[in-house]
Amino acid sequence: MDPRKLLYFATSSEQGSLAKAAKQLAVSQPALSKSMDRLEGEFGVRLLERGPTGVAPTKPGELAYAHAKLIREEMTRAKSCSERDDARANVVTIATLPSLASNLIPLSVARWRKAHPNVLLRVVEKVQIELLVGLQRGKFDFVVGLTEFFDILFDGLKQRVLFRDKLSVFARADHGLFQQKTVNWNDAAKCPWICPMVGRSQRTVLEKRHGRGRDSLASEPCGMWIDRLHQNTHPFE
């Protein structure tokens, strides 16, 4: 199968018109239509529904389009990598979370630039899910993120733990939990909480802890410190 036909098919599906697709691909419309007919013959099913207003992928066509789009992205990536010149080789791109970009990264960048003054370091801020995806696609050279979300590493990627965070649960000094010798998540779950917003990494950790069920938490010590608020701090419960 000629991969070019799949690229033509992807463009035709996106444009919704063979005429528009042919113009974008710089080929004639009859040649594009003939190429689509041959592609459908190779698949053995109809991939495009042709109508007076244009074309649209069929159910089998939608599946073929998903694969064709991936092939196009990989070809674009390969072309981009092959076109890198010496100037680009002196640029290192690092992507990180916004929370780390404001404190940890500036200190590291300052030390790194002293050791590598002739290399340009480019720092990009991305949300967690985009870090690994961008690394896989070659957009970034390195990423600094949360390792808990990188459970699966693909071929060619390596991971190194730089530091470990410690979360703390704060309560007012006279809170009832401080009267207990040990505190488990069963006890903590009974109290009202003020938590980070949904989607934040700290919130996810808390939800995982509280979501294990009462039986499994009955004898489990609290995995984070419970600290007392200063006496004159506004109490909450």
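Remember, predicted model here, so these are calculated numbers, not experimental data.
A salt bridge links R50 with D37; the closest basic N to acidic carboxylate O contact falls under 4.0 Å. Salt bridge annotation for E14-K69: absent, with no cationic side-chain nitrogen under 4.0 angstrom from a carboxylate oxygen.
Clustering ILVMFWY residues whenever any of their side-chain heavy atoms sit less than 4.5 angstrom apart, transitively, puts L121 in the very cluster that holds F142.
Across all non-hydrogen atoms, the minimal contact from L25 to T11 is CD2-OG1, 3.7 Å. Nearest heavy atom pair, residue L135 against residue D141, reads CD1-O, 3.7 Å. A68 and L7 make their closest contact through O-CD2, 4.4 Å (heavy atoms, listed as atom of the first residue, atom of the second, distance). For L48 against S13, the heavy-atom pair with the smallest separation is CD2-OG, 3.9 Å. The heavy-atom pair separating V91 from V119 by the smallest distance is N-CG1, 4.5 Å. Contact record, F9 with Y65: CE2-N, 3.4 Å, taken as the closest heavy-atom pair.
Within the 4.5 Å cutoff, the side chain of I71 has no heavy atoms near those of the E73 side chain. Taking 4.5 Å as the limit, some side-chain heavy atom of L97 sits within range of a side-chain heavy atom of L131. Between T96 and V143 there is no side-chain heavy-atom pair separated by less than 4.5 Å. You'll find the side chain of V133 stays beyond 4.5 Å of the side chain of K139, heavy atoms only. Side-chain contact between L47 and V45 is present, with at least one heavy-atom pair separated by less than 4.5 Å. Contact of the V55 side chain with the S17 side chain is not registered, since no non-hydrogen atoms from C-beta on lie closer than 4.5 Å.
For the pair E40 (side chain) and R46 (backbone), a donor-acceptor distance under 3.5 Å is absent. Not a single donor-acceptor pair under 3.5 Å links the side chain of S35 to the backbone N or O of A31.
Residue Q15 forms a side chain to side chain donor-acceptor pair (under 3.5 Å) with just one option from K23, K20, Q24, and that option is Q24.
Rounding to the nearest 0.5 Å places NE2 of H175 at 9.5 Å from CD of Q180. Note that CZ of F43 is 8.0 Å distant from CG of L63, once rounded to the nearest 0.5 Å. One distance of note links CZ of R122 with OG1 of T93; it measures 4.5 Å at 0.5 Å rounding.
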Verify side chain to side chain contact (heavy atoms under 4.5 Å, CB included) between I94 and F140, making sure each step is shown before the conclusion. CA-CA 6 Å; I94 179 173; F140 316 131; over 6 Å; no

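Pairs engaging residues 101-136 under the ring-ring contact (aromatic ring centres under 6.0 Å, His included) rule: W112-H116 [sequence neighbours left out].
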